[in-house]
Each structure stands twice: as structure tokens, then as C-alpha cells.
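Everything below concerns the one structure shown next.
FYI, side chains are in, hydrogens and waters are out, and symmetry mates aren't considered; it's all heavy atoms of this structure. Chain letters run A, B, ... following the sequence lines, proteins first and then strands; every chain starts at 1.
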There are 2 protein chains.
Amino acid sequence: MFSIGELSKRTGVKIPTIRYYEQMGLIAAPERSEGNQRRYSKDVMQRLSFIRHSRELGFSIEDIKGLLELSQHPEKPCHDAHNLAAQRLEDVQARIAKLQRLEHELKRISECDANTVAHCAVIETLADHSLCETVH
Amino acid sequence: MFSIGELSKRTGVKIPTIRYYEQMGLIAAPERSEGNQRRYSKDVMQRLSFIRHSRELGFSIEDIKGLLELSQHPEKPCHDAHNLAAQRLEDVQARIAKLQRLEHELKRISECDANTVAHCAVIETLADHSLCETVH
DNA sequence: CTTGAACCTATAGTCGCTAGAGGGATTATA
DNA sequence: TATAATCCCTCTAGCGACTATAGGTTCAAG
């Protein structure tokens with residue numbers, strides 16, 4: 001049995017975030033001490049790690065609810081989990097592609113060596129989209 | 001002189017977003033028709049394009065305020081613009097690196113070919129961070 | 001028993017919009 | 001000129017995933 005502070009330290013999830021997850025129904029409301037403070041048992045740590053990891057991978061709170069639900073029923077087929085993962089993968093790949101275009105453009109414009117704004121590529125490029133080398 | 005709807009169509013910035021930018025001080029409050037509707041002249045289009053483009057590159061509203069301010073003063077040195085761009089570049093590169101690690105992991109776990117949750121790599125990997133091949 | 005750290009709830013703020021309600025203005029057609 | 005369709009107005013609230021603050025209570029160490 002440990003306090004929310006300890007749980008936070010052990011999982012790396014901030015205290016208000018833990019309470020938020022409880023509110024969102026991702027973790028069950030734990031027992032309380034006589035003075036109404038939350039007291040957790042170890043099993044919540046696994047669940048919190050699952051949640052944290054999923055968030056890092058970009059799954060939404062709603063996605064995670066579904067994944068947690070699934071993980072509670074090992075006999076169920078796991079298409080849903082796969083679909084979610086595959087969808088996230090697509091998202092991630094699209095974001096990478098977009099960011100790489102931005103990287104390219106930012107690199108180009110930050111190489112400008114003008115001294116005043118009048119001839120600065122940063123400003124010029126932002127002002128005139130037609131100067132972009134890529135489409136976005 | 002054109003209406004907010006026309007401005008929206010021409011710049012691709014949605015109507016409420018235009019009003020929001022006005023509220024945030026990115027664009028000046030325009031003239032009004034007799035019936036209190038906004039009437040824009042062409043010059044705001046450039047400014048809106050600048051804003052839109054900057055947003056696409058990931059600059060914050062506050063950043064853009066600074067950049068617009070700069071662009072209004074061509075005689076000023078442009079270090080600030082460069083710094084902002086360089087910082088954005090770093091951000092973007094960090095995000096790319098992180099996303100690529102996620103991509104790797106998602107690819108791996110979505111290749112799972114189990115039929116039930118009991119042996120599903122998606123669920124397992126999310127549950128047990130130690131299975132990750134990458135650190136995050 | 002005291003003190004200071006940790007905890008509680010509830011509410012508001014963050015960012016960059018977006019949606020909705022409840023109305024008024026403009027424009028095209030009859 | 002009347003009317004209908006479309007556009008526009010302001011104001012307020014909502015989104016997601018937290019984060020911060022205020023004002024109070026409880027816990028654990030000395």
C-alpha cells in the first residue's frame with residue numbers, strides 16, 4: 001500500500017495526472033486511508049505503466065480504454081488492438097513525412113546569412129509561400 | 001474590399017480562425033460595413049498567408065507575433081528570426097527522432113499474428129515496457 | 001505534541017482553435 | 001419591392017490532456 005506520491009515517483013506519472021486518469025476511468029478509484037488519502041496496491045503500477053507507455057506511443061485516452069478493456073479479456077480476438085496499432089503507425093508515418101518536409105524548409109531558411117530583416121530568408125520565406133521548395 | 005468569407009476562401013484560413021487571429025492581435029481589426037461586417041483590403045491577405053505558413057511550420061502564435069513585428073522593420077538585425085527558426089528546427093528534428101523510434105516499435109508490435117489477446121504482441125508490449133527495443 | 005511535508009477537492013488555465021446559439025446584414029431571385 | 005437564402009455578428013462553451021492554484025486536511029518524523 002503506498003501513497004499517490006510514491007506511486008508517482010515509481011511510475012514517472014505526475015500526481016495530478018494520476019488523479020486525472022482516475023477521473024477519466026482509466027484506473028479504478030483506490031482505497032483510502034482513514035484520513036481520505038489514496039492508498040494504492042502494486043497492481044495499479046502495471047496498469048499505470050501500460051497507460052504511460054501507450055500515451056508515449058500516441059494512443060489517445062479513449063484508445064487506451066479500449067486496449068485496457070481488451071487486455072482484461074485474453075480470450076478475445078485481438079483484431080481491434082491490431083487495428084489501433086496499425087492506425088497509430090500510419091499516423092506516425094504521416095507525421096514523420098510532414099515533419100521532414102518542414103525540417104528541409106527550416107534548414108534552408110535558417111541558413112540565411114543576411115544581417116538585417118530586409119534580406120532575411122526566414123522572413124521572406126514565411127511571407128511568400130511560393131518560395132517554398134515543398135508543398136504543404 | 002471583401003468579406004471575411006471571401007478572405008477565408010482565398011487564404012484557406014477558416015472564418016473563426018481569422019476572427020481568433022484578430023482577437024490575438026495577429027491581424028488588425030479591419031474596417032466594417034454599415035451593418036458591422038468586416039471588410040478587408042488585399043494587404044491582409046499577405047499577412048494571413050505569413051501567419052498560416054508560419055503555423056504550418058510549427059511556430060506558436062507568440063513566435064509569429066515576434067516574426068511579424070520583425071518583418072515590419074526591415075532595418076533591424078534578424079538574429080531573432082534566425083534563433084526562432086533554428087529553435088524550431090531543433091524541435092522538429094527531436095520530434096522526428098522520437099517518432100521514428102515509435103514507428104519502429106509500432107511496426108514491430110503490429111506484425112503480431114496471434115489470434116487472441118492472450119498472445120498478442122500489441123497488448124504485451126504495452127503492458128511491459130521492458131519489451132521495448134528502444135528507450136523513450 | 002509539534003511541525004513540515006504530503007495530501008485532499010474544486011476550479012480555472014493552457015494552446016489553438018472549433019462549434020453552437022441566437023440574432024442581424026447582405027444579396028439574389030421572383 | 002418582397003422575400004428567401006446565405007452570409008455575417010457576438011458571446012460562450014467545448015476539445016484533449018493535462019497543469020496550476022487556492023485553501024484546507026492528514027500524515028510521519030522528531
ask   = Does S8(A) use its side chain to pair, donor to acceptor, with the backbone of V13(A) at less than 3.5 Å?
value = yes

ask   = For the pair made of CD1 in I18(B) and C1' in dC8(D), what is the distance, rounded to whole Å?
value = 12 Å

query = Looking only at heavy atoms, what is the nearest atom pair of K107(A) and L89(B), with distance?
reply = CG-CD2, 3.8 Å

inquiry  = If you assign I61(B) and S33(B) each to the DNA chain C nucleotide with the nearest heavy atom, which residue ends up on the more 5' nucleotide?
reply    = I61(B)

ask   = What are the two closest heavy atoms between P30(B) and Y40(B), and how far apart are they?
value = CG-CE2, 3.4 Å

ask   = Does F2(B) have R39(B) sitting over its ring (NZ/CZ under 6.0 Å from centre, angle to axis within 45°)?
value = no

Exercise: identify the closest heavy-atom pair between L26(A) and L68(A) = O-CD1, 3.8 Å

query = Earliest and latest nucleotide of DNA chain C, 5' to 3', sitting under 4.0 Å from a non-hydrogen atom of chain A?
reply = dC7(C) to dT9(C)

query = Pick the nucleotide of DNA chain C nearest each of G35(B) and E62(B); which residue has the one closer to the 5' end?
reply = E62(B)

Could you go through nucleotides 19-24 of chain D and list every protein N or O atom that sits under 3.5 Å from one of its N or O atoms, giving the distance for each pair?
residue : atom : partner : partner atom : Å
dT19(D) : OP2  : T17(A)  : OG1          : 3.2

inquiry  = For the backbone of M1(B) and the side chain of K42(B), can you confirm whether one donor and one acceptor N or O come within less than 3.5 Å of each other?
reply    = no

message = Taking the basic N atoms (NZ, or NE/NH1/NH2) and the acidic carboxylate oxygens, is any pair closer than 4.0 Å for R19(B) and E22(B)?
response = no

inquiry  = Need to verify one output field. Residue with the more 5' nearest nucleotide on DNA chain D, K9(B) or Q23(B)?
reply    = K9(B)

request  = Could you tell me whether the side chain of R55(A) and the main chain of F59(A) form a donor-acceptor pair under 3.5 Å?
outcome  = yes

key: Pair R38(A) + E31(A): basic N to acidic O under 4.0 Å   = no

note = Atom CE of M24(A) and atom P of dG16(D) are separated, to the nearest Å, by 9 Å

ask   = Rounded to the Å, how far apart are E34(A) CD and dA28(D) P?
value = 11 Å

query = Given side chains that start at C-beta, do those of Q93(B) and E103(A) come closer than 4.5 Å, heavy atoms only?
reply = yes

request  = Would you mind reading off the distance between E6(B) atom CD and dT6(D) atom P, rounded to a whole angstrom?
outcome  = 17 Å

request  = Would you classify R19(B) as touching base, sugar-phosphate or nothing, given that sugar-phosphate means primed atoms plus P, OP1 and OP2, and contacts are heavy atoms under 4.0 Å?
outcome  = base

inquiry  = At less than 4.0 Å, is any side-chain N or O atom of R55(A) found next to OP1 or OP2 of dC18(D)? Yes or no.
reply    = yes

Check ion pair K65(A)-E62(A) (N to O, under 4.0 angstrom) = yes

note = Taken to the nearest whole Å, CZ/F2(A) to P/dA28(D) is 15 Å

Qualifying residue, where the test is side chain to side chain contact (heavy atoms under 4.5 Å, CB included) with T11(B) and the options are R52(B), E6(B), M45(B) = M45(B)

message = Short of 4.0 Å, heavy atom to strand atom, which residues of residues 36-43 of chain A count as contacting DNA chain D?
response = Q37(A), R39(A)

query = What integer distance in Å separates I4(A):CD1 from dC27(D):P?
reply = 15 Å

task = Rounded off to whole Å, could you give me the CD1-to-P distance for the I64(A) and dC18(D) pair?
result = 8 Å

